[in-house]
Amino acid sequence: MAQEKRDYYEVLGINKGASEDEIKRAYKKLARKYHPDMNPGDKEAEEKFKEVNEANEVLSDPTKKARYDQFGFAGVDPNYGAGAGGAYGDAGFDFGDLGDIFGSFFGGGFGGFGGQQRRNGPQRGESIRMSVSVSFTEAAFGCEKDVTLDRTEQCDECHGSGCANGTTPEVCPDCRGTGTVQMRRQTPMGVFASTAPCTKCGGTGKIIHQPCNTCHGNGRVHKRRTVKVSIPAGIDNGQTISLRGQGHAGKNGGPSGDLLITVMVKPHELFRRDGTSVFCEAPITFIQAVLGAELEIPTIDGKVKYTIPEGTQTGTVFRLKGKGIPVLNGRGRGDQYVTVTIETPQDLNREQKEALRKFGETLGDGNYEKQKSFFKKFKL
């Protein structure tokens, strides 16, 4: 039976007609929620993280998304449902038939089904997806991280040929090196010609009589590598860095895949980010608000001095120009916005309370513009 999988739209919690931005926002939210760094030791969260990444990989790719919308899982995973003995076979017709039929008309595969490509030709290696956690300031100013990964690489002993030194492979006599053979199949629509992988050579087009002792004829070997990743200044949570050619090795001389690193930015205890803007709150005293004061404001560059005017109200926002996040792969920086909040003093002694009452008696409606305006509207 085919492995039960949840619908990709259901995994991301979005509708089928969701836009690219909606898909991206849903993925970033769930990836952060289930990331292993946020859920150490939680196997269920780890599985959900993999599920979310798989759904995003398909839905964020327009071609894969179109196939998935039309054919479901079979559109993006040709092996899905294979061996089910009834997933499609009970109806006497499967996607292999569909591919053969359309292949006979159009000279190749249709929507990713049937029409096998030359399997002995160069094939690009698969990409590797990973994630790396960085701090708020590391994301702002950039940094370098080492990531360790397991990947397939071309065998150094045989240089990818799969043959022992001094030997060469034999061209398959059945497919004559093409890796495929012609077949004729009776279908409900008549007899159609199609191609299939050659069973004698396994679709490689060659037969290795003396395989390499290191890779055992595969031409590739598994190795663990540590790759240094340069995190650019200004990168945001959920964005992905692509390292060309750092993925799995290709087959038959094909290029290697890419290494795709998704950056997860840890939250900061003081700052909040929106694009290139940084936001924070600064508590001030009642006296500072009334008389004005010079404050030391924390920024991602360190503390800076800023003078607030007399009569500053709680909730007032001040801008520190150029103290935000650097523009990703560009020039300039955003701004920092500081919201001041007036902290009401607590635990006053008798003398302080009395002094405050006397001070209050010296004030009138003219000292409280908001209060006067409020009660004026109330009377109306």
Side-chain angles (χ1 to χ4, degrees), residues 25 28-29 32 134-143 231-239 263 265-380:
R25 286 196 298 269
K28 289 172 65 174
K29 178 181 178 181
R32 187 183 189 114
V134 299
S135 69
F136 191 93
T137 52
E138 285 176 329
F141 297 115
C143 63
I231 310 296
I235 197 163
D236 207 348
N237 182 64
Q239 291 183 320
V263 178
V265 182
K266 299 176 183 177
H268 196 279
E269 58 182 358
L270 287 180
F271 303 123
R272 179 177 59 84
R273 174 181 175 178
D274 185 1
T276 59
S277 299
V278 173
F279 300 85
C280 74
E281 292 186 356
I284 61 175
T285 68
F286 172 71
I287 302 302
Q288 289 174 322
V290 173
L291 302 180
E294 184 179 73
L295 305 177
E296 279 194 338
I297 304 296
T299 72
I300 58 177
D301 297 298
K303 293 181 179 180
V304 298
K305 292 184 177 180
Y306 187 88
T307 301
I308 59 173
E310 295 182 6
T312 295
Q313 302 295 315
T314 189
T316 300
V317 179
F318 297 103
R319 184 179 72 161
L320 302 180
K321 191 174 181 180
K323 291 299 181 181
I325 304 294
V327 177
L328 181 63
N329 299 324
R331 296 181 178 180
R333 292 176 59 173
D335 302 326
Q336 178 172 330
Y337 297 89
V338 183
T339 302
V340 295
T341 58
I342 299 173
E343 183 177 4
T344 303
Q346 304 178 44
D347 301 323
L348 301 180
N349 58 35
R350 183 187 302 173
E351 289 78 9
Q352 291 169 329
K353 291 179 181 178
E354 186 61 30
L356 194 57
R357 289 191 186 96
K358 290 182 179 179
F359 171 71
E361 291 172 357
T362 65
L363 302 176
D365 291 343
N367 299 113
Y368 297 102
E369 289 296 327
K370 288 186 177 180
Q371 188 181 63
K372 182 172 66 174
S373 175
F374 172 79
F375 282 108
K376 183 178 180 181
K377 294 178 182 178
F378 180 74
K379 291 177 181 179
L380 296 176

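Treat the numbers as computed from the prediction; the structure is a model and nothing was measured. Residue indices begin at 1 and follow the sequence shown.
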J.: To the nearest 0.5 Å, what is the distance between OG1 on T299 and OH on Y306?
T.: 14.0 Å
J.: Rounded to the nearest 0.5 Å, how far does NZ of K303 lie from CG of D301?
T.: 14.5 Å
J.: Fit a plane to each ring of F136 and H268, take the angle between them on a 0 to 90° scale, and name the class: parallel (under 30°), tilted (30 to 60°) or perpendicular (over 60°).
T.: perpendicular
J.: Show the nearest heavy-atom pair for residues A289 and I284, with the distance to one decimal.
T.: CB-CD1, 3.9 Å
J.: Kindly compute the distance separating SG (C280) from CD (E269), expressed to the nearest 0.5 Å.
T.: 12.0 Å
J.: Quick one: closest heavy-atom pair of P298 and F271, and the distance?
T.: O-CE2, 3.5 Å
J.: Is there a side-chain contact between R319 and Q336 (heavy atoms, below 4.5 Å)?
T.: no
J.: What pair of heavy atoms forms the shortest contact from C143 to E138, and how long is it?
T.: SG-CB, 3.7 Å
J.: Less than 4.0 Å between a side-chain N and a carboxylate O, is that true for R357 and E354?
T.: yes
J.: With side chain to side chain contact (heavy atoms under 4.5 Å, CB included) as the test, pick out the partner of T314 among T344, T339, I342.
T.: I342
J.: Once you round to the nearest 0.5 Å, how far does CG of L320 lie from CG of D335?
T.: 8.5 Å
J.: Looking only at non-hydrogen atoms, find the nearest pair between Q239 and L328 and report the distance.
T.: OE1-CD2, 3.7 Å
J.: Taking the side chain as every heavy atom from C-beta outward, state whether V317 and F279 have any atom pair closer than 4.5 Å.
T.: no
J.: Near K28 NZ, under 6.0 Å, is it more than 12 heavy atoms from other residues, nucleotides or ligands?
T.: yes
J.: Any chance CD of Q352 has more than 12 other-residue heavy atoms, nucleotides or ligands included, within less than 6.0 Å?
T.: yes
J.: What pair of heavy atoms forms the shortest contact from P267 to R32, and how long is it?
T.: CD-NH2, 3.0 Å
J.: With rounding to the nearest 0.5 angstrom, report the CD1 to NZ distance, I297 to K305.
T.: 12.5 Å
J.: Using modelled atom types only, decide if a donor and an acceptor are shared between the side chain of T316 and the backbone of V340 within a distance under 3.5 Å.
T.: no
J.: If every non-hydrogen atom of P232 is compared with every non-hydrogen atom of N329, which pair is closest and at what distance?
T.: CB-OD1, 4.3 Å
J.: State whether the side chain of R273 and the backbone N or O of G324 hold a donor-acceptor pair below 3.5 Å, judged by distance alone.
T.: no
J.: What's the separation between atom CD1 in I325 and atom CD1 in I235, rounded to the nearest 0.5 Å?
T.: 12.0 Å
